[in-house]
Amino acid sequence: MLIAGNWKMYKGAHEARRFAAQIRHLGERTPGVDVVVCPPFASLQATLEGLGEGSAIRVYAQNVHWELEGAYTGEVSPSMLLELGVEGAIVGHSERRQYFGETDEWVRRRAEGALEAGLSVIACVGESEEEREAGETYAVLERQVASLPRHERLVIAYEPVWAIGTGKTATPEIAQDAHAFIKTLHPSAVLYGGSVKPENAAVLLAQPDVDGALVGGASLEQHSFEAICAAAVEAAAAA
Ligand code: 13P
């Protein structure tokens, strides 16, 4: 079971350091559950410092380039992340796909470059509301998942775009159905993401093919993030 907090474009260095220091012991209280936080690039160093030596919480970036260096203005390489102590990266988040033109091909290259360099990867897939309504959910997932490499350090996050930041959570049945479908295509564990909160975490994480969560808004606040991690501990114990 993995619970990852995606801070998106929240928490500058000062706030990230303070928050990290508050949650630094959380990973010791979560048997069976790995805890990851994904700060913005500019706050990675401060987060690592706030967590300090020996914290069981791991730090991932929210994106990563595939080359180790080069003329790629605005990008950050896998080796730069590793040098800081960052252990992984999200790739293909729907906000990158929607607002920054991220393609399946780029997502594949980012994932492959990161894995080759030694990072872990959370690769995001998920259909939009229009695609779901048009009955295209499986076709979209099939196309997106087909671009992902198979690797022991890669996990998939199923994030239906219509459930992100909208307060609309996929029902546990919808999540389970999509996760089971993804697992027919790819051997990785599958996290659920989209309006995960303390109130719905237990029922989502109890689904047999839900292997954890990628949490946005509710990961920004200590009590809600800790409550979701506690629900994951229960779900891991019951599995
Ligand atoms: P919310 O939990 O805020 O809906 O965000 C989900 C998400 O996009 C995590 O990557």
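Ligands are counted one by one from 1 in listed order, and the atoms in each one are counted from 1 as well. For the numbers below, each heavy atom of this structure counts, side chains included, while hydrogens, waters and symmetry mates do not.
- In this structure, the side chains of L148 and V121 stay at 4.5 Å or more apart for every pair of heavy atoms.
- Within the 4.0 Å heavy-atom criterion, the part of N6 lying near ligand 1 is the side chain and not the backbone.
- For ligand 1, the atoms closer than 4.0 angstrom to any heavy atom of K8 are 5 (O), 6 (C), 7 (C), 8 (O).
- Regarding atom 7 (C) of ligand 1, its nearest protein heavy-atom neighbour is E159 OE2, 3.2 Å.
- Near S195, meaning under 4.0 Å from one of its heavy atoms, ligand 1 places the atoms 1 (P), 2 (O), 4 (O).
- Aromatic ring pairs are classed by plane angle as parallel below 30°, tilted from 30° to 60° and perpendicular above 60°; the pair Y138 and F181 is parallel.
- Here the shortest heavy-atom distance to atom 4 (O) of ligand 1, taken over G165, G216, C38, belongs to G165.
- Using a 4.0 Å cut-off between charged nitrogen and carboxylate oxygen, K168 and E129 count as a salt-bridge pair.
- For ligand 1, the atoms closer than 4.0 angstrom to any heavy atom of G217 are 1 (P), 2 (O), 3 (O).
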* Asked: Should H93 and E159 be marked as a side-chain hydrogen bond (donor to acceptor under 3.5 Å, both in side chains) after you check the CA-CA gap, both sets of side-chain angles, and the distance that decides it?
  -> CA-CA 8 Å; H93 192 279; E159 298 207 317; 3.0 Å; yes
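- Every N/O-N/O distance between T166 and ligand 1 stays at or above 3.5 Å.
- Contacts between A163 and ligand 1 below 4.0 angstrom, taking non-hydrogen atoms only, involve the backbone exclusively.
- Here E136 does not pair with R143 in a salt bridge; the nearest charged N to carboxylate O distance is not below 4.0 Å.
- Interface atoms of ligand 1 facing G194, defined by a heavy-atom separation under 4.0 Å, are 4 (O), 6 (C).
- Numbered from 1 in the order shown, with element, the atoms of ligand 1 that lie under 4.0 Å from a heavy atom of L214 read 9 (C), 10 (O).
- For E102 (side chain) and Q98 (main-chain N/O), no donor-acceptor pair under 3.5 Å exists by modelled atom type.
- Taking 4.0 Å as the cut-off between side-chain N and carboxylate O, R108 and E105 count as a salt-bridged pair.
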